[in-house]
Amino acid sequence: MIDFNALQHGQIIQASTFAASGMSMQATNFQLPGAMPMIFDTTFINTADPDLQGPPWAGGNLPTNTILGNVVIIPENLIDANNDGIVDNPDDEGARPAGELTFNFAEPISSFGFDVVDIEGVVQELTTVDFLLDGSLVGTMSFNDLENPQSIFYDPTIAFGNNTINRISPVLASDFGAAGFNSVVINLGGSGAFDNVVTTPVPAPTSGALLALSGLVAMRRRR
């Protein structure tokens, strides 16, 4: 599991921040060119966004007294008035859509799970998660799927809304008939923050062989 608790409120996540864990991150804010993933400490009070503060939380499938600590956001501003390298008043982008948060992995993984804060019900249907292998799309999950009983991703415990905290069960490469993926892109429909990334590595074969295997599995499924 990868969390963000070793970093500071308002700290920008550089490409090398999690190099030791084999992960790198990128952020795209459709309203703010040059934005990068940023840390928000949920235990702080009187922040720019009370919806990201807790405990207590307003609901969700995790206990309302959960101490989450740091989460990662797509920032709405990069203001650092005292030039100390830390953004003064971090806040997540609330535009609809907000942008993209990308997790890249040095080696293929077979599952990806995470915690999510403050996914408002009005925008949940606009948030999707893309899973890619070497740039090729493996599959997509919509946040709306999580509340759809007809979907394989349905989770009846999830309750989205302002100031909620939910744990998303790991999505498996096998859910898409694939062997693995090495990039995950969260297309965020509005406000939201993420933490506790859980992955399962794929041993051999190499990513190139995985891509070929994924195509073979897809062909067999169609047949």
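FYI, the numbering just counts along the sequence from 1.
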Looking at Pro75, is its backbone amide N or carbonyl O close enough to the side chain of Asn29 to form a donor-acceptor pair, meaning the two atoms are under 3.5 Å apart? yes
Fellow cluster residues of Met36, listed by chain then number, with links counted only when side-chain atoms sit under 4.5 Å apart: Ile12, Leu32, Met38, Phe40, Leu52, Trp57, Leu62, Leu68, Val71, Ile73, Leu78, Val87, Val117, Ile165
Please walk me through it: do Asp88 and Asp80 pass side chain to side chain contact (heavy atoms under 4.5 Å, CB included)? CA-CA 5 Å; Asp88 301 330; Asp80 177 14; 3.7 Å; yes
Note, Asn61 side chain near Asp155 side chain (heavy atom, < 4.5 Å): yes
Considering all heavy atoms, the nearest Ala159-Glu147 contact: CA-OE2, 4.3 Å
Examine distances only and state if a side-chain atom of Thr47 and a backbone atom of Phe44 form a donor-acceptor pair shorter than 3.5 Å. no
Considering only heavy atoms from C-beta outward, does the side chain of Val171 approach that of Ser111 to under 4.5 Å? no
Before you tell me yes or no, could you show the steps for Leu101 and Leu188 under side chain to side chain contact (heavy atoms under 4.5 Å, CB included), namely the whole-Å CA-CA distance, both residues' side-chain angles and the distance that decides it to 0.1 Å? CA-CA 7 Å; Leu101 190 62; Leu188 197 54; over 6 Å; no
Say you draw a straight line from CG of Leu126 to CD of Gln124; how long is it, rounded to the nearest 0.5 Å? 9.5 Å
Would a single hydrophobic cluster contain both Val197 and Val185, if residues Ile, Leu, Val, Met, Phe, Trp and Tyr are joined by side-chain heavy-atom contacts under 4.5 Å? no
Closest heavy-atom pair, Ile86 versus His9, reported as atoms and distance to 0.1 Å, is CG2-O, 3.0 Å
Let me see the working for Asn187 and Val129 under side chain to side chain contact (heavy atoms under 4.5 Å, CB included), right down to the final yes or no. CA-CA 6 Å; Asn187 307 289; Val129 186; over 6 Å; no
Which value, rounded to the nearest 0.5 Å, describes the distance between Ser191 atom OG and Asp92 atom CG? 5.5 Å
Tell me every residue that passes side-chain hydrogen bond (donor to acceptor under 3.5 Å, both in side chains) with Thr102, counting only those two or more places apart in sequence or in another chain. none
Linking I/L/V/M/F/W/Y whenever any side-chain heavy atoms sit under 4.5 Å apart, do Val198 and Val116 land together? no
Rounded to the nearest 0.5 Å, the OG1 atom of Thr157 sits from the CG atom of Asn166 at a distance of 7.0 Å
Closest non-hydrogen atom pair between Leu172 and Phe181, with its separation: C-CE2, 4.3 Å
Running the 4.5 Å side-chain criterion over Ile, Leu, Val, Met, Phe, Trp and Tyr, what cluster does Phe30 land in, apart from itself? none
Ser110 and Ala179: which non-hydrogen atoms are nearest, and at how many Å? CB-O, 4.3 Å
Using 30° and 60° as the class boundaries, would you call the ring planes of Phe131 and Phe176 parallel, tilted or perpendicular? tilted
Could you tell me if Asn104 and Asn182 have a donor-acceptor pair between their side chains, going purely by distance under 3.5 Å? no
Would you say the side-chain atoms of Asn144 pair up with the backbone N or O of Asn148, donor to acceptor, closer than 3.5 Å? no
Quick one: does any side-chain atom of Thr127 pair with a main-chain N or O of Gly189 as donor and acceptor, under 3.5 Å? yes
Do you know the tightest heavy-atom contact between Ser24 and Ala15? CB-O, 3.6 Å
Under 4.5 Å between any side-chain heavy atoms of Asn162 and Asp118, yes or no? yes
Of all heavy-atom pairs linking Val202 and Ile109, the shortest is CG2-C, 3.3 Å
Taking the six-membered ring for Trp, are Phe112 and Phe114 parallel (under 30°), tilted (30 to 60°) or perpendicular (over 60°)? tilted
Distance (rounded to the nearest 0.5 Å) between Glu76 CD and Asp49 CG: 8.0 Å
Atom pair CG (Asn196) and CZ (Arg167), whose distance is rounded to the nearest 0.5 Å: 5.5 Å
Shared ILVMFWY cluster between Ile39 and Met1, side chains joined below 4.5 angstrom? no
Taking Asn70 for its side chain and Leu7 for its backbone only, find out whether a donor-acceptor pair lies under 3.5 Å. yes
Is there a ring pair (Phe, Tyr, Trp, His ring centres under 6.0 Å) between Phe18 and Phe105 once you walk through the steps? CA-CA 10 Å; Phe18 293 97; Phe105 299 91; over 10 Å; no
Following the transitive rule for hydrophobic clusters with a side-chain heavy-atom cut-off under 4.5 Å over Ile, Leu, Val, Met, Phe, Trp and Tyr, establish whether Ile2 and Met25 coincide in one cluster. yes
Determine, using the 4.5 Å side-chain heavy-atom cutoff (strictly less than), whether Phe103 and Leu132 are members of one ILVMFWY cluster. no
Polar side-chain atom of Glu93 near backbone of Ala95 as donor-acceptor pair, under 3.5 Å: yes
Minimum side-chain heavy-atom gap Ile119-Phe143 below 4.5 Å: yes
Ser136 versus Asp134, side-chain donor and acceptor atoms under 3.5 Å: no
Any Thr64 side-chain heavy atom under 4.5 Å of Pro55 side chain: no
Atom CG in Asp51, atom CD in Glu120: separation rounded to 0.5 Å? 6.5 Å
